[in-house]
Amino acid sequence: MTILAIETSCDDTAAAVVKDGRVLSNIISSQDIHDHYGGIVPELASREHVKGISHIVSAALTTATVTMEDVDAIAVTYGPGLAGSLLVGSHFAKGLALRHAKPLIPVHHIEAHLYSGYLEVPTLTYPSICLVVSGGHTSIFHVVDVNTYSVLGSTKDDAAGEAFDKIAKLLGLGYPGGPHVDRLSLLGDPKAFDLPRGLYHEKSYDFSFSGLKTAVRREVEKLREKGLTLPVNDLCASAQSAIVDVLVSKTLRAVDDLGIRAVVIAGGVSANTELRSRMQEEAQKRGIVFVAPRMDYCVDNAAMIASIAQLRFDPKRRSLATDIDFEISPRALRA
Ligand code: KG4
Ligand code: ZN
């Protein structure tokens, strides 16, 4: 089965072709325009999607050396995300489905991240614990099978990626901030600043990152008042280590509490070097499986949209008319 997928939930225009679990193409076009504003400007994001989507979908088909004739179904993200951005992708997909009379499969963005580990390791067995950690979400899931999962805990305020981005902004680094903080942390001392680890000692699997951001702001203000140069590398390393400490400890606690033998990380922040190596270490200690998708599958991408669509697609179901009758859902998170 060949699936063409489209993902435009935020600021990346992405399209991919996946055939029988194999990724034939995975094209991601990031919108640099937002760097200038230090964060995503929703209206600009939709306009950039409009400009790029046709070209990106063509590139996905060409790279995969398939035509629309070879495509069995089209998958598209319906939420959560920015309303305007979701509309561009879903309308484009609906048009394509109508024009070529193909089934259309609406996909939940976080569910796609949740199952992206199966793109990397198709033989990965259930159950697993999955940490989905991105710019908009930070949650620990207990994944029972391809259709069944539950949320064990989530952030009470900022997502981890948001914390990375806001801290990077305070330090005058570019957007998105995560990759900058990751890179500079390698040059800094993680113990230089004693920063708070929100809800670290609480029994719940919930997170809180807003206190960390405030603490970094205070440190920056104190240093500036004294006329000192900001030790950016040390601040990055200390903040990153505070974020990673809670992510790792809570995820592994869920693994231990539920006696699960596989742990997966997904979402943009799972590209983080320290998070990957610390999780790997902890998994090794316990002798359990650890899956961290390759970078192209961690960030927002359409291969993960195709993958979950393929796992769930029933070729016998519904008519095309029903297929295109879905609405975007900017705030949807199935708990
Ligand atoms: O999943 P994603 O691409 O988009 C959302 O759905 O949010 O995640 C984007 C987030 C941004 O906050 C970005 O700063 C963060 O992922 N990120 C990282 C790294 N690469 C991307 N955070 C920490 N370390 C990284 N290497
Ligand atoms: Zn995402």
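In each ligand, atom 1 is the first atom listed, and ligand 1 is the first ligand listed.
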Going by the order shown, which atoms of ligand 1 are within less than 4.0 Å of some heavy atom of His113?
-> 1 (O)

Got a sec: is His137 within less than 2.8 Å of the Zn ion (ligand 2) via an N/O/S atom?
-> no

For ligand 1, is there an atom lying under 4.0 Å from some heavy atom of His109?
-> yes

re atom 18 (C) of ligand 1, the protein heavy-atom contact at minimum distance is Gly178 CA, 3.5 Å

Of the protein's non-hydrogen atoms, which lies at the shortest distance from atom 24 (N) of ligand 1, and what is that distance?
-> Asn272 ND2, 3.0 Å

Say whether Pro179 and ligand 1 are in contact under the criterion: heavy-atom distance to a ligand atom below 4.0 Å.
-> yes

Under 3.5 Å side-chain donor-acceptor pair for Asn272 and Gln240 = yes

Test item, Arg183 contacting ligand 1 (heavy atom, 4.0 angstrom) | no

Pick from Val133, Ile28, Asp165: the one approaching atom 11 (C) of ligand 1 most closely through a non-hydrogen atom | Asp165

Distance-only donor-acceptor check, side chains Asn26 and Tyr297, under 3.5 Å = no

Are Asp158 and Ser210 close enough that a side-chain donor and a side-chain acceptor fall under 3.5 Å?
-> no

Look only at the side chain of Lys250 and the backbone of Ser204, and say whether a donor-acceptor pair between them is shorter than 3.5 Å.
-> yes

Using the salt bridge (charged side-chain N to carboxylate O under 4.0 Å, His left out) rule, take Arg286 and Glu282 through it: C-alpha gap first, then chi angles, then the decisive distance, then the call.
-> CA-CA 7 Å; Arg286 290 164 173 81; Glu282 293 297 325; 2.9 Å; yes

Counting heavy atoms under 4.0 Å, the part of His137 that contacts ligand 1 is neither

What protein heavy atom sits nearest atom 8 (O) of ligand 1, and how far off is it?
-> Gly268 CA, 3.3 Å

Whether Thr148 side chain and Val144 backbone form a donor-acceptor pair below 3.5 Å | no

Check: Phe141 ring centre within less than 6.0 Å of Tyr205 ring centre = no

Identify, by name, the N, O or S atom of Asp300 lying closest to the Zn ion (ligand 2).
-> OD1

Decide whether Ser154 and Ser139 meet the rule of one side-chain donor and one side-chain acceptor closer than 3.5 Å.
-> yes

Nearest-contact summary for atom 15 (C) of ligand 1 - protein heavy atom, Å = Val269 CG2, 3.9 Å

Atom 26 (N) of ligand 1 - nearest protein heavy atom and its distance | Asp182 OD2, 2.9 Å

When you look for heavy atoms under 4.0 Å from ligand 1, do you find them on the side chain of Asp300, its backbone, both, or neither?
-> both

With heavy atoms of Pro176 as the reference, note each atom of ligand 1 found under 4.0 Å away.
-> 13 (C), 14 (O)

Inspect the surroundings of CZ in Arg22 and state if more than 12 heavy atoms from other residues, nucleotides or ligands are less than 6.0 Å away.
-> no

If you count the atoms of ligand 1 from 1 in the order shown, which ones are under 4.0 Å from a heavy atom of Gly136?
-> 7 (O)

Sub-3.5 Å N/O-N/O distance, Gly161 and ligand 1 | yes

Modelled atom types, side-chain donor and acceptor of Ser46 and Glu48, under 3.5 Å = no

Without swapping roles, check the side chain of Asp12 against the backbone of Ala14 for a donor-acceptor pair under 3.5 Å.
-> no

Could you check atom 7 (O) of ligand 1 against the protein and tell me its nearest heavy-atom contact, residue, atom and distance included?
-> Gly135 N, 2.8 Å

Go through ligand 1 atom by atom and flag the ones less than 4.0 Å from a non-hydrogen atom of Val299.
-> 3 (O)

Please state whether the separation between the Zn ion (ligand 2) and some N/O/S atom of His109 is under 2.8 Å?
-> yes

Under 3.5 Å, is there a donor-acceptor pair between the His109 and Thr77 side chains?
-> no

